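For reference, positions follow the sequence shown, starting with 1. Owing to the predicted nature of the structure, the values given are computational and were not obtained by experimental measurement.
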Amino acid sequence: MMIPLDYETLKLIWWLLVGVLLIGFAIMDGHDIGVCSLLPFVGQDDTERRVIVNTIGPHWEGNQVWFITAGGAIFAALPLVYATAFSGFYWALIAALWAMFFRPVGFKYRSMIHNDTWRKIWDWLLFVGSFVPALIFGVAFGNLLLGVPFHLDSHLVSTYTGSFFGLLSPFALLCGLISVLMLIMHGGVYLAHRTVDGIQARASTYAKMAAIVTAVLFVAAGFWVVNLDGYVITSTINPNGMIDPISKTVSTEQGAWLNNFYAHSILWAVPALGVVMPLITVALLKLGRTLLAFITSSLSLLGIIGTAGVALFPFYMPSSSDPRSSLTVWDSTSSHLTLFIMLLVVIFLLPVVVTYTSWGYAVMRGKVTKAYIKENEKSLY
């Protein structure tokens with residue numbers, strides 16, 4: 001079969017596509033996570049908490065398509081990365097998935113019984129089902145920048161030599177905290193856009209506080225990264241080569257994670273988004289421009305996650321125990337034909353996902369109020 005794109009180009013396209021899917025997940029499902037993380041604190045009574053839940057009720061299941069698609073794309077396009085990550089981060093990912101189970105169950109069960117205790121328990125379980133995955137996903141990114149303790153044998157079978165608690169280093173926990181706060185900011189902005197009166201005011205307050213702290217901690221993490229040992233490929237790489245991660249040599253150098261930014265100064269615009277956009281979000285919330293604030297909040301997420309991606313490139317998973325086993329864009333992807341066929345599928349399906357998601361939000365736009373909840377007592381969450 002004649003493939004119109006060369007292997008190197010397809011590898012770069014899939015690096016970008018995986019990033020797009022992860023950022024899409026953070027923006028779309030991230031505001032659901034942020035809303036549920038704020039649920040016990042912003043809602044002062046059951047009616048207010050029902051208002052909060054129903055701002056995301058029609059959309060949360062559709063938004064999880066981004067998470068499922070990102071996982072499927074990594075499985076098919078980056079099989080070695082998928083296998084190594086799910087074996088090394090096994091208990092952390094299981095903890096995140098088990099916590100996430102509380103979200104679908106909580107949405108379905110919360111309002112089935114008219115009992116304050118029952119509903120408060122489910123409100124806190126919805127909080128756990130959102131806060132814990134947000135924390136774990138951020139910790140995972142932090143560990144990528146620190147290097148993951150695994151090595152590959154001659155058959156490319158990975159062996160993880162770390163432990164669950166070994167993942168919880170101070171830097172990784174800082175990244176986890178940034179992840180939680182940026183999603184609380186994002187969810188708070190969305191909640192301010194979809195609600196009125198007291199709920200809107202409290203959501204806006206939490207969003208503004210989270211945005212400021214997110215910007216401060218992101219800058220602090222940046223200064224920390226300057227002193228971290230980054231990874232550099234020191235041997236010749238064949239960008240068109242098949243899977244063969246153990247044939248290269250890799251060294252570590254302090255501050256090497258900033259090399260891509262130094263080499264291409266335009267890339268400093270990416271972390272700039274992560275610092276400036278949360279502050280603009282605060283200003284827009286003060287002006288009551290909630291829709292614009294949601295856009296700037298989304299750009300904040302793009303900047304923060306994009307910064308990690310640019311810093312790591314071309315690495316997907318650096319190995320701290322055997323640097324040559326590190327998985328990169330060039331040596332851990334599927335075959336040329338597989339990447340091309342998957343690209344065709346994405347070209348067809350991604351616009352479909354974006355179209356039906358946009359349609360859903362357009363149809364169900366507007367404010368959710370206490371009066372609306374009382375009028376539809378039997379048909380809402």
When rounded to the nearest 0.5 angstrom, what distance separates [atom1] in [X] from [atom2] in [Y]?
| X | Y | atom1 | atom2 | answer |
| --- | --- | --- | --- | --- |
| Ser332 | Leu152 | OG | CG | 9.5 Å |
| Leu302 | Ile27 | CG | CD1 | 6.0 Å |
| Leu183 | Asp32 | CG | CG | 10.5 Å |
| Thr333 | Ile13 | OG1 | CD1 | 12.0 Å |
| Asn54 | His59 | CG | NE2 | 10.5 Å |

Compute the ring centroids of [X] and [Y], then answer whether they are less than 6.0 Å apart.
| X | Y | value |
| --- | --- | --- |
| Tyr90 | Phe86 | no |
| Phe294 | His193 | no |
| Tyr231 | Trp257 | yes |
| His151 | Tyr160 | no |
| Trp224 | Phe218 | no |

| request: Please report the C-alpha distance between Ser130 and Ser37 in whole Å, then the side-chain angles of each, then the deciding distance to 0.1 Å, and finally whether the side chain to side chain donor-acceptor pair (under 3.5 Å) criterion is met. | output: CA-CA 6 Å; Ser130 299; Ser37 296; 4.7 Å; no

Ignoring hydrogens and angles, tell me if any N or O in the side chain of [X] forms a donor-acceptor pair with the backbone of [Y] under 3.5 Å.
| X | Y | answer |
| --- | --- | --- |
| Ser204 | Ala201 | no |
| Glu8 | Asn240 | no |
| Asp229 | Thr252 | no |
| Trp118 | Tyr109 | yes |
| Thr234 | Thr249 | yes |
| Glu253 | Gly230 | no |

Specify the closest pair of heavy atoms between [X] and [Y], including all atoms of both residues, with the distance to one decimal.
| X | Y | result |
| --- | --- | --- |
| Ala73 | Leu21 | CB-CD1, 3.7 Å |
| Phe102 | Leu125 | CB-O, 3.3 Å |
| Trp66 | Val20 | CZ3-O, 4.4 Å |
| Gly187 | Leu38 | C-CD1, 4.3 Å |
| Phe107 | Ile56 | CZ-CD1, 3.6 Å |
| Tyr190 | Thr55 | OH-O, 2.8 Å |

| Result of checking Val18, Ile305, Leu301 against Ile23 for side chain to side chain contact (heavy atoms under 4.5 Å, CB included) |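 It is Ile305; the other options fail the test.
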
| Do you know which of Arg119, Arg202, Lys374 makes salt bridge (charged side-chain N to carboxylate O under 4.0 Å, His left out) with Glu48? |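 Of Arg119, Arg202, Lys374, salt bridge (charged side-chain N to carboxylate O under 4.0 Å, His left out) with Glu48 is met by Arg202 alone.
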
If you define the side chain from C-beta out and look only at heavy atoms, does anything of [X] sit under 4.5 Å from [Y]?
| X | Y | value |
| --- | --- | --- |
| His31 | Asn63 | yes |
| Asn143 | Phe171 | no |
| Cys175 | Phe137 | no |
| Val42 | Ile199 | yes |
| Phe150 | Leu327 | yes |
| Pro245 | Leu156 | yes |
| Thr9 | Asp6 | yes |
| Phe89 | Phe164 | no |

| Lys/Arg-Asp/Glu bridge criterion (N-O < 4.0 Å) met for Asp29, Arg103 |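 Yes.
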
For residues 262-283, tabulate all N or O donor-acceptor pairs below 3.5 Å that involve a side-chain atom, not counting sequence neighbours.
residue : atom : partner : partner atom : Å
Trp268  : NE1  : Phe261  : O            : 3.2
Thr281  : OG1  : Met277  : O            : 2.8
Thr281  : OG1  : Thr296  : OG1          : 2.8
Thr281  : OG1  : Ser297  : N            : 3.4

| message | Can you list everything that forms a side-chain contact (heavy atoms from CB on, under 4.5 Å) with Thr338? Sequence neighbours excluded, please. | response |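 For Thr338 the side-chain contact (heavy atoms from CB on, under 4.5 Å) partners, ignoring immediate neighbours, are Ser334, Ser335, Met342.
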
| task | Not counting sequence neighbours, which residues clear side-chain contact (heavy atoms from CB on, under 4.5 Å) with Thr369? List them please. | result |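 side-chain contact (heavy atoms from CB on, under 4.5 Å) check on Thr369 returns Val196, Lys367, Ala371, Tyr372.
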
| request: If you link ILVMFWY side chains whenever their heavy atoms are less than 4.5 Å apart, which other residues fall into the same cluster as Leu349? By chain and number, please. | output: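 For the cluster that includes Leu349, the remaining residues are Val345, Phe348.
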
| How is the hydrophobic cluster of Met364 composed, in terms of its other members, when Ile, Leu, Val, Met, Phe, Trp and Tyr link through side-chain heavy atoms under 4.5 Å apart, directly or indirectly? |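 For the cluster that includes Met364, the remaining residues are Trp359, Val363.
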
| message | Checking Asp197 now: which residues fulfil salt bridge (Lys or Arg N to Asp or Glu O under 4.0 Å) with it, not counting sequence neighbours? | response |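 Salt bridge (Lys or Arg N to Asp or Glu O under 4.0 Å) check on Asp197 returns nothing, list empty.
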
Honestly curious: do [X] and [Y] fall in one hydrophobic cluster under the side-chain, below-4.5 Å linking rule?
| X | Y | answer |
| --- | --- | --- |
| Ile184 | Val216 | no |
| Met317 | Val157 | no |
| Val250 | Val232 | no |
| Tyr206 | Ile212 | no |
| Leu93 | Ile68 | no |

| said: Applying side chain to side chain donor-acceptor pair (under 3.5 Å) to Ser319 and Asp322, what does each step give before you reach the verdict? | reply: CA-CA 5 Å; Ser319 169; Asp322 179 25; 5.7 Å; no

| query | How far apart are the C-alpha atoms of Lys11 and Asp331, what are their side-chain angles, what is the distance that settles it, and do they pass the salt bridge (Lys or Arg N to Asp or Glu O under 4.0 Å) test? | reply | CA-CA 9 Å; Lys11 289 177 180 180; Asp331 56 27; over 6 Å; no

| Check against side-chain contact (heavy atoms from CB on, under 4.5 Å), Leu339 and Tyr7 | CA-CA 8 Å; Leu339 295 185; Tyr7 200 12; 3.8 Å; yes

| request: In sequence, state the C-alpha distance, the side-chain angles, and the governing distance for Arg194 and Ile52, and then conclude on side-chain contact (heavy atoms from CB on, under 4.5 Å). | output: CA-CA 9 Å; Arg194 294 295 311 280; Ile52 293 168; over 6 Å; no

| request: Flag yes if more than 12 heavy atoms outside Phe101 fall under 6.0 Å of its CZ atom; otherwise flag no. | output: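 Yes.
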
| task | May I ask you to decide if the ring planes of Phe127 and Phe131 are parallel, tilted or perpendicular, using 30° and 60° as cut-offs? | result |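 Phe127 and Phe131: parallel rings.
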
| Can you list the steps and then say if Ile237 with Lys248 is a side-chain contact (heavy atoms from CB on, under 4.5 Å)? | CA-CA 7 Å; Ile237 284 287; Lys248 64 181 179 298; 4.1 Å; yes

| Does the pair Leu228 and Gln254 meet the rule for a side-chain contact (heavy atoms from CB on, under 4.5 Å), with working shown? | CA-CA 5 Å; Leu228 287 181; Gln254 183 176 332; over 6 Å; no

